[in-house]
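Index from 1, following the sequence. Atoms within each ligand, like the ligands themselves, are counted from 1 in listed order. What you see is a predicted model, and the numbers here were worked out from it, not measured in a lab.
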Amino acid sequence: MSAFTAALTIKDHRLTPAQVPPTVVEHLDTAEKITLTERIRCLLAERDATLVAHYYTSPELQELADATGGYVSDSLDMARFGTECSSSTLVVAGVRFMGETAKILNPEKRVLMPDLHAECSLDLGCPPDEFTAFCDQYPDRTVVVYANTSAAVKARSDWVVTSGIALDLVRHLAEKGEKLIWAPDRHLGAYVQQQTGVDMLLWNGACVVHEAFKAEGLRQLRAEHPDAHVLVHPESPLDVIAQADLVGSTTALVKAVQELPAHKFIVATDNGLFHKMKLAAPDKILLEAPIAGKGATCVSCAHCPWMAMNGLRNLARVLETGDNEIHIDEAVRERAALPIRRLLNFAKQRQQTVMGNNDA
Ligand code: 13P
Ligand code: SF4
């Protein structure tokens, strides 16, 4: 049985549209934006706090993070930055697993989030009890989980991965002859399985944003723009990935827009990433990959409803009040730290190897 067939026989853990909140973007007039931005700058300094934001958050939050010595990046790099930052408080603008990862790696720091309801459909689709029972059925398999999971799921894993390093890590494990359980994203898992040929049993979850990209619509858009390069985040379905010129993490997609000679790009990922792409390459033309084919409707419309819960108002509020602190049971935290540290060490070694090869 192929890995993808296995995914289909495993209980469907994708969210139904009714379980997905509407995407509500914060709209502020210029005066309120300026007032809040100034207030947040002062509060960050007063509270010895640093703002770490994901690329899918609003331009205002990203600009504020960049302008105040904070950081904007993908989930792997956000985790790495948190461990290197000396502030006693980290404010994580992103989704809950990103705040939890920061706390797991930095238990001595206070970790705050603008909104603790900022979940992720992959995390929600992988309940720890069910996942543990699933893993227990396959004790001979190494458990690899995506960073987009709860602390309890990470604590049941052997390795945590992000999209930026998934292929390298799975190849590394395969060299050691390991068979894998992969959770929770069936699309990223299917892509990794296709690229590596590794024996992977896939959990059956998906990202509501990326799963909505449509292969047929993309084919039509490519026909209208034959000069465009297609960039795809690997949480997208395989038939969308199959049309990509480049598949990669959010950081890899920004880099591609900046470095590739093409002038026009069709991009299949959350449209929050367009802000950084435009800054990195102001002259390039960016087109959104289609989400609604004939007769289809979009649920999230290419913008994560949970990422959109982060705004200047709730950021200012948590800095004022200290509300929305992340707390994790210490035993779970300690266990979850192991596979995340393994990931960071692996990423570091890999980077050193790449740099060594470049120097040679
Ligand atoms: P990255 O690790 O590529 O930033 O992806 C995180 C994510 O949630 C994408 O939907
Ligand atoms: Fe999760 Fe998808 Fe939102 Fe990323 S875009 S945080 S994978 S729901």
Side-chain angles (χ1 to χ4, degrees), residues 13-17 19-23 25 52-58 62 71-82 92-102 113 115 117-126 145-150 153 160-169 183-189 191-192 203 205-213 231-237 240-241 246-256 267-277 289 291 298-310 340 343-344 347:
H13 279 92
R14 291 171 299 161
L15 301 196
T16 63
Q19 291 172 290
V20 182
T23 301
V25 175
V52 189
H54 189 266
Y55 288 127
Y56 295 166
T57 58
S58 69
Q62 294 188 41
Y71 202 59
V72 183
S73 197
D74 63 17
S75 55
L76 174 62
D77 232 15
M78 287 171 75
R80 193 160 37 208
F81 177 81
V92 178
V95 292
R96 195 183 168 89
F97 80 83
M98 295 171 177
E100 286 188 350
T101 301
M113 295 194 72
D115 190 331
H117 297 104
E119 301 278 358
C120 163
S121 57
L122 289 166
D123 184 351
L124 291 171
C126 193
V145 303
Y146 197 31
N148 302 36
T149 46
S150 63
V153 165
V160 169
V161 287
T162 64
S163 60
I165 203 149
L167 286 176
D168 285 343
L169 179 70
D185 189 354
R186 64 191 250 159
H187 297 301
L188 179 58
Y191 168 66
V192 172
W203 188 256
C207 161
V208 295
V209 177
H210 291 86
E211 186 166 56
F213 290 115
L231 308 179
V232 177
H233 193 282
E235 290 168 13
S236 309
V240 171
I241 290 179
L246 187 133
V247 183
S249 69
T250 46
T251 299
L253 301 187
V254 174
K255 218 166 146 215
V267 184
T269 194
D270 186 296
N271 58 25
L273 193 61
F274 281 45
H275 175 64
K276 233 357 174 219
M277 287 177 160
I291 22 142
C298 62
V299 176
S300 67
C301 300
H303 190 37
C304 177
W306 296 284
M307 288 281 183
M309 289 177 182
N310 297 275
I340 306 176
L343 160 73
L344 293 179

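Here is the list of ligand 1 atoms found below 4.0 Å of a heavy atom in S249: 3 (O). Of all the atoms in ligand 1, the ones that sit under 4.0 Å from a non-hydrogen atom of Y56 are 9 (C), 10 (O). Near D74, meaning under 4.0 Å from any of its heavy atoms, are these atoms of ligand 1: 1 (P), 2 (O), 4 (O).
Note that the CZ atom of R96 and the CG atom of D123 stand 8.0 Å from one another [nearest 0.5 Å]. Residue H275 holds its NE2 atom at 8.5 Å from OG of S58, rounded to the nearest 0.5 Å. Between S75 atom OG and M98 atom CE the span is 5.0 Å, to the nearest 0.5 Å.
Annotation: salt bridge (charged side-chain N to carboxylate O under 4.0 Å, His left out) contacts of E119 (sequence neighbours excluded): none. Partners of T269 under the side chain to side chain donor-acceptor pair (under 3.5 Å) rule, at least two apart in sequence or in another chain, are Y56, H210. When the salt bridge (charged side-chain N to carboxylate O under 4.0 Å, His left out) test is applied to R14, the partners found at least two apart in sequence or on another chain are D12, E211.
No donor-acceptor pair under 3.5 Å is formed between the side chain of S163 and the backbone N or O of P234. No donor-acceptor pair under 3.5 Å is formed between the side chain of W306 and the backbone N or O of V20. At distances below 3.5 Å, at least one donor-acceptor pair connects side-chain atoms of T101 with backbone N or O atoms of F97.
Judged purely by distance below 3.5 Å, without hydrogens or angles, the side chains of D115 and H117 pair a donor atom with an acceptor atom.
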message: Run the side chain to side chain contact (heavy atoms under 4.5 Å, CB included) test on H303 and V209 for me, step by step, so that the C-alpha distance in whole Å, both residues' side-chain angles and the decisive distance to 0.1 Å come before the verdict.
response: CA-CA 7 Å; H303 190 37; V209 177; over 6 Å; no
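If you count the protein N, O or S atoms nearer to atom 1 (Fe) of ligand 2 than 2.8 Å, you get 1.
Scanning all protein heavy atoms for the shortest distance to atom 2 (O) of ligand 1 gives S75 OG, 2.6 Å. In terms of protein heavy-atom proximity, atom 5 (O) of ligand 1 is nearest to H233 NE2, 3.4 Å. Nearest protein heavy-atom neighbour of atom 8 (O) of ligand 1: N148 ND2, 3.1 Å. At the top of the distance list for atom 10 (O) of ligand 1, counting protein heavy atoms only, stands E235 OE1, 2.9 Å. Annotation: atom 1 (P) of ligand 1 to nearest protein heavy atom, T250 OG1, 3.5 Å. Considering only non-hydrogen protein atoms, atom 6 (C) of ligand 1 sits nearest to H54 NE2, 3.8 Å.
Using a 4.0 Å cut-off between heavy atoms, Y55 makes no contact with ligand 1 at all.
Note on ligand 1: H210 sits in its first shell, one or more heavy atoms being nearer than 4.0 Å. The shortest heavy-atom distance from S163 to ligand 1 is under 4.0 Å.
What you find for Y55 and Q62 is that their closest heavy atoms are O-NE2, 2.7 Å.
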